[in-house]
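Accompanying notes for the structure given below.
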Amino acid sequence: MNKHGYKFSFGPWNIHEGADPFGPPVRVSVDFAEKLETLKFLGFDAMQFHDDDAVPGLDGLGPAEIRQKAQAMKKRLDEHGLFAEFVAPRLWEHPMTIDGAFTANDPAARAYAAERAKKCIDIGRELGCNFMVLWLAREGTYLREAKDAVVATQRLLEAVDAMLAYDPDLRIAIEPKPNEPMDLAYIPTIGHALALGARTIDPNRVGALVESAHAVLAGLDPSDEMAFALAFDKLWGVHLNDQNGLKFDEDRSFGSVDLRRAFNQVRVLDENRYYEKGIVGLDVKAIRTQPAELATKHLSNSLSLFLRLVEISRALDSQKIEELRAARDYEELDWLVLSALMGG
Ligand code: XUL
Ligand code: MN
């Protein structure tokens, strides 16, 4: 498949058992080896990792064991001709992180988070990937009065500084999300992520990752969130997916809810030569009803849709668009885009 210069990735959590808060798994677990084969088979280039995807059970392991297991994972990736796009610390499942990690009121919980983040960085180094994605899952509140939001923001800054100081080669992309699991998250948008990055000890090593669904949940347009980061050379990752309005984080196949919105994301990426800068990451989940043997179509469909939209965007008549902009004939411009999306 001609990938128009793009490289693609997904994470092991994107092939999942379909459990939701109201029901148990509906598909059998797929082991990591099979997920790796699927990644390769579907034409993807890289795997996204949480720290414990790469080294399961890392909380109970010492530094030498963690390094050794991460090296073994690197070897498996090499054997498949694949690489790790990023490693993200999973700071939301351990009992110590019930009330947040870096922003927890309990100093012991914050200390756990700092240690866990270091382990994540060590794993990244062994995977040949000094790139961390930081989704701040529980850094927020269910109850506004539960934490001091100013102190919490300062604690987030201190935590990012500590990570940057721990590894001088580390780069961090903050992935904002406005809610879920928390009612209100402290870093809900790209603006918040970049403002935090700008105040760290090394702003050049902090960027952002835009997830389509997270932007929609914040009431924002994902392509504009991407554009804002691109304008400052800070778009270091994307999690493409889709989202049907303001409800739980659906992680639907890219473009499956709003094709026009997907088109605009592809267009802003392509026009700004994202293929030279980053990987096209997906963060999509199969619909719960999907039978196990058919539960990789969300991945292949999202990748195919992205490439189809690249072709549509590149085929648009840019001179005509300039003319319509100059004439302020946005109705005709609207029709031009809609016609292209309907096949010309
Ligand atoms: C959560 C989410 C995460 C991050 C990685 O909504 O998107 O999977 O992308 O930690
Ligand atoms: Mn994501």
Side-chain angles (χ1 to χ4, degrees), residues 8-21 35 44 46-56 58 84-94 97 100-102 113 116-117 119-121 123-124 127 129 131-140 156 159-160 163 171-190 192-193 207-218 220 222 225-226 229 235-244 246-254 262 265 278-286 298-299 302 306:
F8 294 86
S9 69
F10 66 80
W13 62 93
N14 295 129
I15 298 176
H16 77 127
E17 295 81 4
D20 70 17
K35 291 179 182 180
F44 285 75
M47 184 66 103
Q48 306 168 17
F49 284 95
H50 288 116
D51 47 10
D52 57 2
D53 295 322
V55 180
L58 83 171
E85 182 195 0
F86 66 71
V87 188
R90 200 192 297 273
L91 289 164
W92 53 90
E93 286 186 357
H94 193 275
T97 60
F102 303 128
R116 173 83 183 226
K119 288 182 175 179
C120 176
I121 295 167
I123 292 168
L127 291 181
C129 166
F131 185 40
M132 171 190 281
V133 165
L134 192 57
W135 171 49
L136 298 161
R138 296 195 189 277
E139 315 300 6
L156 286 175
V160 175
M163 290 187 265
R171 290 162 70 245
I172 300 175
I174 300 174
E175 177 180 352
K177 181 177 180 181
N179 61 281
E180 200 200 47
M182 308 311 290
D183 176 41
L184 290 155
Y186 288 131
I187 305 293
T189 71
I190 287 300
H192 290 79
L209 177 148
V210 174
E211 172 161 330
S212 325
H214 297 180
V216 173
L217 286 170
L220 299 170
E225 286 283 90
M226 290 173 188
L235 189 67
W236 296 355
V238 291
H239 267 176
L240 300 184
N241 55 20
D242 214 345
Q243 172 73 25
N244 191 15
L246 301 181
K247 48 189 82 160
F248 64 93
D249 184 9
E250 297 183 312
D251 293 339
R252 293 282 305 275
S253 293
F254 183 52
Q265 292 170 69
I279 313 290
V280 176
L282 304 179
D283 197 356
V284 290
K285 298 222 172 70
H298 57 303
L299 297 162
S302 296
F306 182 93

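Numbering of ligands and ligand atoms starts at 1, following listing order.
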D51/R116 salt bridge by N-O under 4.0 Å criterion: yes
Would you call the rings of F8 and F44 parallel, tilted or perpendicular, taking 30° and 60° as the class edges? perpendicular
Could you pull out the atom name of the N/O/S atom in E175 that is nearest the Mn ion (ligand 2)? OE2
Which of the N/O/S atoms in D283 sits closest to the Mn ion (ligand 2)? OD2
Do H239 and Q48 get their side chains close enough for a donor-acceptor pair, meaning under 3.5 Å? yes
Dump the pairs for me: ligand 1 N or O, protein N or O, distance under 3.5 Å, to 0.1 Å.
unit_1, atom_1, unit_2, atom_2, d
ligand 1, 6 (O), K177, NZ, 3.0
ligand 1, 6 (O), H214, NE2, 3.1
ligand 1, 6 (O), D249, OD2, 3.1
ligand 1, 7 (O), E175, OE2, 3.0
ligand 1, 7 (O), E211, OE1, 2.9
ligand 1, 7 (O), H214, NE2, 3.4
ligand 1, 7 (O), D283, OD2, 2.9
ligand 1, 8 (O), D283, OD2, 3.4
ligand 1, 9 (O), E175, OE1, 2.6
ligand 1, 9 (O), E175, OE2, 3.0
ligand 1, 9 (O), H239, ND1, 3.0
ligand 1, 9 (O), D283, OD2, 3.3
ligand 1, 10 (O), H50, NE2, 2.8

Please state whether the separation between the Mn ion (ligand 2) and some N/O/S atom of E211 is under 2.8 Å? yes
With a cut-off of 2.8 Å, does H239 put an N/O/S atom close enough to the Mn ion (ligand 2)? yes
N/O donor-acceptor pair under 3.5 Å between N241 side chain and A213 backbone: yes
Closest heavy-atom contact between F10 and K35? CZ-O, 4.4 Å
Aromatic ring centroids of W92 and H50 under 6.0 Å? yes
How close do E180 and D249 get, counting heavy atoms only, and between which atoms? OE1-CB, 2.6 Å
Can you name the nearest heavy-atom pair linking E85 to C129, along with the distance? O-SG, 3.4 Å
